[in-house]
Amino acid sequence: DEFFESITEELCLKVPTVEEVILKIGDYNPIGSKLSENRAYLIEIDDLKLQGEVIWEQDRDSQENVSNSNRGNPKNLTVITPHLSAIIKKKEDEIKGKKISIFDVDTREKIATAKIEAIKEIKKVKSYRIISRSPTMFMAIIPAKSSLEISEYLYEKYMEYFGKVVGKLPLHIGLIYFKRKMPIYTVLDAAHRMLDEFESQKTDKIEFKVTSVDKQKDTISLEVCPENRLKYKIDVPYKLGDGSIDYYHPYLMVSTPQDDDIIEIMIDGDRITQKHVTKIRQNDIIQFENYFFDFVFLDSNIRRFDLGKDR
């Protein structure tokens, strides 16, 4: 849990901060149906021809002791369109007293009019939301532009926390990109389908040939080469906090036969051969469980059904 806690803290640092303007309104005049709490509506500032989306938070109005007879008639609207918040903040004096029209986002039906009385508050929020966190899975909604940077950070923290068991405790990263108005149930369904895909794609271990070994102060740097692929490096930590060698954790699975440094163990009836990372030599064949990095763009509701198919 400490690993995912560090990820949560880093998310807060890496994602952008956005400002939400809270408008105090008056002269509310419903034309159609009443506003529903926490649902997005489109507003237009009539004279300025500015458009954006807002939500009504009943709890915020309740704090002002709104009477039951006025329940459903909003006193405050929170602007959730970033560029509109920026314009309103810049033109605060100009927008006071302006009339606004409120529309249904989907049908564009005009359902109310009102007047902007003032900017009540400017709230700063971090643009992410944790969906689920468990010892084996972490799911969050983040800005698309931050996704690769955060993915790289995930791998760095994984190696920091679990580098000694690299190859045996795999890390899978899945990115699902979607449009702003994509139904959230579609996104969550795609996420669970991607998790199922990771689980179903588990196959035999991947073998790598070690082409060079470089012993650093705290890590062993291995240059490895999968069959018919590019070489890359893996830095495996091998020391304890006091600087002594850790003889318990940093073992790599190997398939090199007739090696005096090999240790055999039984896991769930399977025989596992492994070597301590300090004993790994050039031309050894090491084995890794499959690691997956996948992404999909949900350009439509049905795109999620492509997950699990050959792509």
Side-chain angles (χ1 to χ4, degrees), residues 11-64 66 71-92 94-96 98-131 139-147 150 176-188 191 298 301:
L11 275 180
C12 193
L13 295 175
K14 289 188 178 297
V15 300
T17 299
V18 296
E19 291 185 331
E20 291 183 346
V21 170
I22 300 172
L23 297 174
K24 184 176 181 179
I25 64 171
D27 296 342
Y28 180 76
N29 178 34
I31 298 173
S33 57
K34 289 186 176 181
L35 269 63
S36 299
E37 185 180 9
N38 294 326
R39 179 183 172 186
Y41 293 92
L42 179 70
I43 68 165
E44 181 177 295
I45 303 176
D46 293 346
D47 292 345
L48 302 179
K49 301 300 180 183
L50 295 174
Q51 288 189 342
E53 291 186 6
V54 299
I55 59 171
W56 169 49
E57 298 173 282
Q58 181 171 297
D59 289 343
R60 189 177 298 279
D61 281 354
S62 298
Q63 293 169 8
E64 297 185 349
V66 179
R71 198 70 67 194
N73 295 340
K75 301 297 181 183
N76 303 290
L77 295 175
T78 302
V79 179
I80 58 174
T81 304
H83 77 267
L84 181 59
S85 287
I87 295 173
I88 290 175
K89 180 182 175 183
K90 185 177 180 180
K91 297 184 176 183
E92 180 176 359
E94 189 177 348
I95 62 101
K96 287 182 180 178
K98 296 293 185 184
K99 291 183 179 181
I100 61 172
S101 298
I102 305 173
F103 302 87
D104 184 283
V105 169
D106 298 318
T107 65
R108 292 298 195 269
E109 174 191 359
K110 189 174 182 178
I111 57 177
T113 60
K115 181 178 72 174
I116 298 174
E117 293 185 347
I119 292 179
K120 179 183 177 182
E121 181 185 348
I122 297 177
K123 182 172 60 174
K124 292 185 177 181
V125 297
K126 285 291 186 176
S127 52
Y128 75 97
R129 177 66 62 88
I130 305 299
I131 301 299
M139 190 182 297
I141 297 177
I142 61 175
K145 65 181 181 181
S146 303
S147 59
I150 291 172
I176 299 173
Y177 298 94
F178 56 95
K179 297 179 181 179
R180 183 168 61 93
K181 295 184 180 180
M182 180 65 65
I184 195 64
Y185 74 86
T186 300
V187 178
L188 296 179
L298 295 181
N301 195 311

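Only heavy atoms go into these numbers, but all of them, side chains included; no hydrogens, no water, no symmetry mates.
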Show me the donor-acceptor pairs within less than 3.5 Å that the side chains of residues 45-52 make with the rest of the protein, sequence neighbours left out.
| from | atom 1 | to | atom 2 | distance (Å) |
| --- | --- | --- | --- | --- |
| D46 | OD1 | S101 | OG | 3.1 |
| Q51 | NE2 | E44 | OE1 | 2.8 |

Task: All salt bridge (Lys or Arg N to Asp or Glu O under 4.0 Å) counterparts of R129, not counting sequence neighbours - done: none
Task: Minimum-distance pair of heavy atoms, taken over all atoms of I131 and L188 - done: CG2-CD2, 3.8 Å
Open item on the list: Please enumerate all residues that pass side-chain hydrogen bond (donor to acceptor under 3.5 Å, both in side chains) together with R180, with sequence neighbours excluded.
Closed with: E53
TODO: Dump the intermediate steps for side chain to side chain contact (heavy atoms under 4.5 Å, CB included) on I130 and L11, then the final yes or no.
DONE: CA-CA 10 Å; I130 305 299; L11 275 180; 3.8 Å; yes
Open item on the list: Going by the rule side-chain hydrogen bond (donor to acceptor under 3.5 Å, both in side chains), which residues pair with K126 if we only count those two or more places apart in sequence or in a different chain?
Closed with: T17
TODO: To the nearest 0.5 Å, tell me how far K123 NZ sits from I22 CD1.
DONE: 5.0 Å
TODO: Mind listing the closest non-hydrogen atom pair of V79 and S85 along with its distance?
DONE: CG1-OG, 3.4 Å
Open item on the list: One pair to check against side chain to side chain contact (heavy atoms under 4.5 Å, CB included): V105 and K181. What are the steps and the verdict?
Closed with: CA-CA 10 Å; V105 169; K181 295 184 180 180; 3.7 Å; yes
Open item on the list: A side-chain contact here means heavy atoms from C-beta on lying under 4.5 Å apart; do I100 and L23 qualify?
Closed with: no
Task: Distance in Å, I55 CD1 paired with N38 CG, rounded so as to fall on 0.5 Å steps - done: 5.5 Å
Open item on the list: Just to verify, what does P143 make a side-chain contact (heavy atoms from CB on, under 4.5 Å) with, not counting sequence neighbours?
Closed with: V15, P16, S127, K145, S146
- [ ] First locate atom CD1 of I150, then atom CG of L13, and finally report the distance between them rounded to the nearest 0.5 Å.
- [x] 10.5 Å
Open item on the list: Going by the rule side-chain hydrogen bond (donor to acceptor under 3.5 Å, both in side chains), which residues pair with S36 if we only count those two or more places apart in sequence or in a different chain?
Closed with: none
Open item on the list: To check you understand the geometry: which heavy-atom pair defines the closest contact between D104 and R39, and what is its length?
Closed with: OD2-NH2, 2.7 Å
Open item on the list: For L35 versus L77, what's the shortest heavy-atom pair and its separation?
Closed with: CD2-CD2, 4.2 Å
Open item on the list: Could you measure the distance from the OG1 atom of T186 to the CZ atom of F178? Nearest 0.5 Å is fine.
Closed with: 10.0 Å
Open item on the list: Among residues at least two apart in sequence or on other chains, which ones pass side-chain hydrogen bond (donor to acceptor under 3.5 Å, both in side chains) with E92?
Closed with: none
Open item on the list: If you count every heavy atom of other residues, nucleotides or ligands that lies below 6.0 Å from K115 atom NZ, does the total exceed 12?
Closed with: no
Task: Point-to-point distance, once rounded to the nearest 0.5 Å, from CD1 of I88 to CD of E94 - done: 11.5 Å
TODO: With sequence neighbours excluded, tell me which residues meet side-chain contact (heavy atoms from CB on, under 4.5 Å) with I122.
DONE: E19, V21, K89, I119
- [ ] Evaluate the criterion side chain to side chain contact (heavy atoms under 4.5 Å, CB included) for residue pair I25 and W56; output intermediate values, then yes/no.
- [x] CA-CA 11 Å; I25 64 171; W56 169 49; over 6 Å; no
Open item on the list: Working to the nearest 0.5 angstrom, can you tell me the gap between E121 CD and E20 CD?
Closed with: 10.0 Å
